[in-house]
**Q** 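A single structure is presented below for examination.
Proteins come first, then strands; the chains are lettered A, B, ... in the order of their sequence lines, and each starts at number 1.
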Amino acid sequence: MKKTLLILTRNPLSLLGLILVTIIVLAAVFADFITPFPEHVGAVVDFTNFNQPPHWPNIFGTDLVGRDLFTRVVYAYRVSLILAAVVLIIAVPIGVAIGLAAGYLGGWTEYVLMRITDIFLSIPPLVLAMSIMGLLEPTLTNGMIAVTAMWWPWYTRLVYSITRSEREEGYVLAAEVIGASKLHIMFREILPNCVPSIVTKMTLDFGFVILIASSLSFLGLGVQPPTPDLGSMVADGAKYLPDSWWLTVFPGLAILIAVFGFNLIGDALREILGGDQ
Amino acid sequence: MSAILELNGVSKEFAVNGRRTKAVDNVSFAVEKGECLAIVGESGSGKSTIANMILGIYGTTAGTIAFAGEPLPERREKRHRRAIQLVQQNPLSSLNPRRTVGASLRLALDVHEIGPKAERAARIGALLQEVGLEPDYARRSPAALSGGQRQRVAIARALACESELVVLDEPTSALDVLVQARVLRLLAELKAKRGLTYVFITHDLSVVRNIADRVAVFERGRLIEIGTTEALFSSPTQDYTRRLISAVPVVSDEEAAMRQHIMGDQA
Amino acid sequence: MSAPTLKIENLKLGFKLWSGMVEVLHGISLHIGKGERVALVGESGSGKSVTARIVLGMLQEISTARISGSLNFEGIDLDKLKPRDRHHLRGTRMSMIFQDPTSSLNPVYPIFTQFREVLARANPAIGEAEARMKAIAALADVSINEPERVLDSYAFQLSGGMNQRVMIAMALANNPSLLLADEPGTALDVTVQAQTLKLMSDLVEQHGTSVLFISHNLGVVREFADRVYVIYKGRIVEQATTKQLFSDPQHPYTRALLSAVPRITGGGIPDIAEDTAGFLDPLIAHPGASEKERLA
């Protein structure tokens, strides 16, 4: 772990990724202290100072009801990061467990589990999420459910393909000959060999989950006002382009930087840990 | 002498592209307690299939395998797994790269509940010493070990559950010749000390000559010749055995003369 | 006297890694006369395979590799050649046979397509019919009974021994003056290995091809080579004719290696001391070895 971090800081690109992600995470955690107008997260209206381009103290400008855009972008990061974390914390264990079981147990288990996975994978992700969101109330929780539902099959595929090749390795045979349980072989012998690939994919996905969640809110299906969300901020501001450019540019840049940062780290991890599938 | 392992009319068929092929064809032989029986043959001879059936990795299509006078069931019980262990050819893949040497050894102790939990760490240290490694190797990862050291760990793992019969599947063919000699010596010492029985699967007849008590020669799934090492090498009865012996690359004139002699017998 | 087919002088190889330089070859010198079969024998990691790769010019492309010393091929200094000319030597004047024949052949093309490519390296204008004729003749030379059928097959449809023969036929198709054989036949069954070695031996004798034979197997070396260099940790420790080396090994490392080989005549498993003290002793050259290499 320590060594990985050390190597990350050696390459200029991965170092940049590390810096970007660190700034984003710190900003999201300490949003209450670093933003000038924390109360602007809610339904605040200030018609004396609305739709203003960047100026002091509103360095990103203000929105159509006079709220500080910088404050709202930082808080939106917090929402995005929580959403991405929760989605991955739920989706990854489900996907991994199914992938391990299908890859190691084989036979009917493999057939049934992988066909279910294929069905999920065959539906375009955004369509799947939109239909779930259409059925349910468009709340943050339901947004997470929707994104989770479309995310786990990718981990199943990844872990399944690694497990299929690992189960041919001598150490699996050795554990079987000793008489170790199937659970032990799946979770204690094979799983550790999947971890590098899983960690790499999770890092890359952190950016993509933020992106897809933003897409959903851009379509009006995500986080609802007044909770700040990068996707809906871009969507709302798009109507006022190009005159009120700051309404879209800053939230848009925020999405870009987050996705970019996580991708840089993910790519570097893939090289360091060798977890490429 | 009593037979510890007995194969009786054992066959194994596999379906390849919908066609059934016989990998092992009506094979019967017994392994005496405390002996080293070499199973010799080239690819396609069925020697690995026999190893896998002894270990219970696959069942037999026909025939029975008995251990210590008792037929082995298709689904092996824990005590059977404990008694019959394996050392594989490739020490690179036979140890889990993501687990320490200690964890790999501990698995056998945990599964078979050998010794009180508190004493297992000490037992792992003792096992490592028995195969000529320092006890602190338990903390190392397999990547930090040489090929020979890894093979020693694999041997320690096979002995950890106090096994009686060890199937050695080409245990030294991936090793350099100096390392091979040391590992073979270790295997011979352990056999004497622990009263082990070996089924030694290999294609290398010069190794067989120096470690096996008896040799079984396989060709295309059939057992074609079985006898003491001495007899088999001095007067092989089968043409195929003669060809196998004469194909061994040798390093001295004395050996070359012996090969010549064996091929000469054919006429 | 004409120049030797291959002359390597004071060849050094290192890799520049994060942790610093890793020295692989510490200055090795060897030569192969015309039509001579020379073995380079050593354990894994001794540097024997990288030597062959340097001769072919395959390691020079790696950015971390640091190579020094001179390579002389039929009187030509290889390092003075333009990369294009040097590349052109591969597959024409010098060729290589690898350990695992099946994976060295491309599974998506039939044998003929690959054979034709090899022939086209020496003669780019070669026509379909001529290539086929030459390929058939080359396969017949390696005792393949149905060359037509083999040419239209894919590598995975043939046995390992058959693929090895195809590889040998391809390697000799352009009548190279130097053949680099890296552990040929190690992946094959012993009886097949013995046959292919015999075949290769006969063919190179017919063609007058010089061979650098790389192996860890002393028995195979004894059967194939005229002369032997023993390599240990990137240094040549002993060189002699095959007869001298096997009847009277001098260097502590060579002695240890030879004594570690189990004998088919019996005698038990050799007891090898853990002591490796003498293994790095200076080179021992038997009488008749070239002066320069004795000093190296």
**Q** Taking the inter-plane angle between the rings of C/Tyr232 and C/Phe279 on a 0 to 90° scale, is it parallel (under 30°), tilted (30 to 60°) or perpendicular (over 60°)?
**A** perpendicular

**Q** Does any heavy atom of chain C fall under 4.5 Å from the side chain of B/Ala257, the backbone, both, or neither of them?
**A** neither

**Q** Between C/Asp189 and C/Thr191, is there a donor-acceptor pair closer than 3.5 Å when you use the side chain of the first and the backbone of the second?
**A** no

**Q** Is chain C contacted by the side chain of B/Asp204, its backbone, both, or neither, given a heavy-atom distance below 4.5 Å?
**A** neither

**Q** Measuring heavy-atom distances to chain C, does B/Ser246 have an atom under 4.5 Å in its side chain, in its backbone, in both, or in neither?
**A** neither

**Q** So, the side chain of C/Asn163 versus the backbone of C/Pro101: is there a donor-acceptor pair under 3.5 Å, distance only?
**A** no

**Q** Name the region of B/Ile245, side chain, backbone, both or neither, that has any atom closer than 4.5 Å to a heavy atom of chain C.
**A** both

**Q** Using modelled atom types only, decide if a donor and an acceptor are shared between the side chain of B/Arg20 and the backbone of B/Phe14 within a distance under 3.5 Å.
**A** no

**Q** I'd like to know which of C/His216, C/Arg263, C/Gln195 tops the heavy-atom pair count under 4.5 Å against chain B.
**A** C/Arg263

**Q** Hey, would you say the C/Phe156 and C/Tyr154 ring centroids sit under 6.0 Å apart?
**A** yes

**Q** Among B/Glu230, B/Arg182, B/Gln180, which residue has the highest count of heavy-atom pairs closer than 4.5 Å to chain C?
**A** B/Arg182

**Q** Does the ring of B/Tyr240 carry B/Arg243 above it, NZ/CZ under 6.0 angstrom from centre and within 45° of its axis?
**A** no

**Q** With a 4.5 angstrom heavy-atom cut-off, could you sort out which part of C/Glu223 is near chain B: side chain, backbone, both or neither?
**A** side chain

